[in-house]
Amino acid sequence: MAPQTAYDRAVNVLKQNDRGTYTVPTKGLYPFQWNWDSCLTALGQRHVDEARAWTEIETLFAHQWEDGMVPHIVFHEVSDQYFPGPEVWRTNRPTPTSGMTQPPVAGFAAKRIFDGAKDRVLAEERARRLLPKINAWHKWFFANRDPHGEGLVAILHPWESGRDNSIDWDAALERVPTEGVGEYSRRDTQHADPAHRPTKTQYDRYLWLVQRFRSLNWDNSRLHDASPFQVVDPGFNAILIRSCADLAAMADALDEPGIAADNRAWANKGLAAMEGLWSEPHGQYLCRDRTINTLIDSASIGGILATFAAIPSGRAHAIARTVERLSQSVQFSVPSHDPADRRFDAPRYWRGPVWLVTNYMIADGLAAAGENAVAKLIIDSSLELIEKSGFAEYYDPISGTPCGGGHFTWTAAMVVEFLSKQ
Ligand code: GLC
């Protein structure tokens, strides 16, 4: 039998983790549905089965809260493999969910599936149903996470960023207390090497925030001002801005001018406000700690991911040069943190490793800005990693060693995307 191609192996990973109407990121470590994982997974699924791709996003939105929030985890099944589970969140949902959100990539994903769909009738029907739901999520963000109308939204917990353990959050987390958190037993360190995972003190702070929000009954209109952790992340905002712009374009195609106008206005306001996060010395955007109104001096991939939105071309070109510079100091691009920073930690998650999802979004943004050579460098690096180390959750950028969980869904989905374009 001929050896399986990377494409076939990737499709197999998607199938192994498919639970019918949603896909788990990987069995064991992450046995439920995660928000941005699912949206990015649908991009891979569309090449195999378009209807299944739409279902992946629809299942996520079936658990959208009445206020518009789309939760970061949907606990479809009971499992004692994961902490913190529903008994910690206590959000009182019909199907248990977490109480916070994740990078809103659904608008982008839906448009990409819509644009490439071969079954136009199906795509129109499914996109039309999703449109008001994604719109409600965007509206929720600006109402609840940008209460002063700056144009950019804050995350209230590192887990919302999707870059859970980034160095970006360290200083802001220091201001989060740990008193009264109580005893708990982590599961992540049983599935993955503790050296790749967050420390105990960080975990205490994560849980303190969860308990604080829970004590406010997960009332989103109160959480922002009550949170000691409010960070404006350029990567997260770029994803939101891109999704708003893409939703606007899809709304035009579906003849929904009201949704198109609102989303276009949010995207334009966000793009203008993003300029306040630019750092000339770093050649990228930085996070801002909203509680003290200060830029966070941490050159992470969040500020590079900003290229996913239609930022000014001069900024995109500068970011491309930064990616080239970073690629000189590692074997595999794009590291999630600048290796020149002493806090860089090659195998610890989001503090150095390469992730294929961020690679995908950065390459997409840079290609749109005409930076095709750098986009190609990123895609080639991604595919090299797969050949060397399989479909891992993330990779050490220096050695290429696979880290975290294995047989990872979104890594496989990105490979299907990369290979389908070539
Ligand atoms: C980790 C990642 C997060 C992802 C989740 C499931 O928590 O940091 O971005 O959604 O795993 O893959």
Side-chain angles (χ1 to χ4, degrees), residues 4-27 30-64 70 72-74 76-77 102-131 133-134 162 239 242-243 246-247 250 308 355-361 363-364 379 382-383 386 390-393 405-422:
Q4 276 198 318
T5 61
Y7 185 94
D8 291 341
R9 283 185 283 133
V11 169
N12 271 341
V13 172
L14 294 182
K15 290 196 172 140
Q16 274 166 33
N17 293 330
D18 188 345
R19 297 292 175 267
T21 53
Y22 68 96
T23 312
V24 297
T26 187
K27 62 175 194 296
Y30 300 117
F32 313 108
Q33 182 176 26
W34 263 257
N35 184 323
W36 73 325
D37 293 62
S38 264
C39 297
L40 293 165
T41 297
L43 294 175
Q45 289 172 329
R46 73 192 172 119
H47 299 287
V48 184
D49 179 346
E50 286 179 7
R52 179 65 189 81
W54 287 112
T55 301
E56 185 74 24
I57 304 181
E58 282 168 3
T59 304
L60 178 70
F61 277 83
H63 301 276
Q64 181 169 30
V70 183
H72 101 291
I73 305 174
V74 183
H76 291 284
E77 284 184 8
Q102 248 190 341
V105 74
F108 158 77
K111 170 155 189 293
R112 186 144 283 188
I113 300 169
F114 181 75
D115 286 350
K118 296 198 179 66
D119 188 338
R120 297 306 312 163
V121 176
L122 181 82
E124 274 232 8
E125 181 202 322
R126 310 288 282 264
R128 200 177 286 289
R129 260 193 269 152
L130 271 174
L131 195 69
K133 299 182 181 181
I134 302 176
I239 290 172
R242 173 71 180 267
S243 281
D246 283 357
L247 201 74
M250 203 166 79
F308 192 49
W355 298 70
L356 260 59
V357 282
T358 40
N359 274 6
Y360 174 81
M361 290 183 272
D364 182 273
I379 296 171
S382 307
L383 295 173
I386 297 305
F391 298 91
E393 186 176 5
H407 305 282
F408 223 84
T409 300
W410 67 4
T411 305
M414 297 300 94
V415 170
V416 174
E417 271 283 89
F418 288 141
L419 292 174
S420 301
K421 272 191 207 155
Q422 285 187 335

Between the side chain of Thr411 and the main-chain N/O of Ala392, is any donor-acceptor distance below 3.5 Å?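 At least one qualifying donor-acceptor pair exists.
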So, the side chain of Thr26 versus the backbone of Gly405: is there a donor-acceptor pair under 3.5 Å, distance only?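 No, Thr26 side chain to Gly405 backbone: no donor-acceptor pair under 3.5 Å.
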Within the 4.5 Å heavy-atom criterion, are [X] and [Y] side-chain neighbours or not?
X      : Y      : value
Asp115 : Met250 : no
Arg9   : Val415 : no
Ile134 : Phe61  : yes
Pro104 : Val70  : no
Val357 : Val105 : no

With under 30° as parallel and over 60° as perpendicular, where do the rings of His72 and Trp34 fit, or are they tilted in between?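 Because their plane-to-plane angle is over 60°, the rings of His72 and Trp34 count as perpendicular.
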Where do [X] and [Y] come nearest, in terms of heavy atoms and distance?
X      : Y      : value
Gln16  : Arg19  : O-NH1, 3.0 Å
Lys111 : Asp246 : CD-O, 3.3 Å
His63  : Thr59  : CD2-O, 3.0 Å
Val24  : Tyr22  : CG1-CE1, 3.9 Å
Ser38  : Thr23  : OG-O, 4.3 Å
Leu43  : Phe108 : CD1-CE2, 3.8 Å

Checking Ile113 against Ile57 for the side chain to side chain contact (heavy atoms under 4.5 Å, CB included) test, could you report, in this order, the C-alpha distance in whole Å, the side-chain angles of both residues, the deciding distance, and whether it holds? CA-CA 11 Å; Ile113 300 169; Ile57 304 181; 3.9 Å; yes
Salt bridge flag under 4.0 Å for residues Glu56 and Arg52: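 The answer is yes: the pair qualifies as a salt bridge.
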In sequence, state the C-alpha distance, the side-chain angles, and the governing distance for Asn359 and Met414, and then conclude on side chain to side chain contact (heavy atoms under 4.5 Å, CB included). CA-CA 9 Å; Asn359 274 6; Met414 297 300 94; over 6 Å; no
Kindly write out the residues that satisfy salt bridge (charged side-chain N to carboxylate O under 4.0 Å, His left out) with Arg46, not counting sequence neighbours, or none if the list is empty.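 Result, salt bridge (charged side-chain N to carboxylate O under 4.0 Å, His left out) vs Arg46: Glu417.
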For Asp119, enumerate each residue passing the side chain to side chain donor-acceptor pair (under 3.5 Å) test, keeping only those at least two apart in sequence or located in another chain.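 Testing Asp119 for side chain to side chain donor-acceptor pair (under 3.5 Å), a comparison that skips the adjacent residues, returns none.
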Does atom NE2 (His407) have a neighbourhood of more than 12 heavy atoms from anything else shown, all under 6.0 Å?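 Atom NE2 in His407 is not crowded, with 12 or fewer foreign heavy atoms closer than 6.0 Å.
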Sequence neighbours left out, what pairs pass salt bridge (charged side-chain N to carboxylate O under 4.0 Å, His left out) with at least one residue falling in residues 32-42?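 Salt bridge (charged side-chain N to carboxylate O under 4.0 Å, His left out) check on residues 32-42 returns no pairs.
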To the nearest 0.5 angstrom, please state how far the [atom1] atom of [X] sits from the [atom2] atom of [Y].
X      : Y      : atom1 : atom2 : answer
Leu14  : Thr41  : CG    : OG1   : 7.0 Å
Glu50  : Lys118 : CD    : NZ    : 6.0 Å
Ile73  : Tyr30  : CD1   : OH    : 9.0 Å
Trp410 : Trp355 : CH2   : CH2   : 6.0 Å
Gln33  : Glu77  : CD    : CD    : 11.5 Å
Asn12  : Asn17  : CG    : CG    : 11.0 Å

Decide side chain to side chain contact (heavy atoms under 4.5 Å, CB included) for His47 and Leu419; before the verdict, give the C-alpha distance in whole Å, the side-chain angles of both, and the deciding distance to 0.1 Å. CA-CA 10 Å; His47 299 287; Leu419 292 174; over 6 Å; no
For side chain to side chain contact (heavy atoms under 4.5 Å, CB included), just list the numbers for Phe308 and Ile239, CA-CA rounded to whole Å, side-chain angles, deciding distance to a tenth of an Å, and then say yes or no. CA-CA 7 Å; Phe308 192 49; Ile239 290 172; 3.9 Å; yes
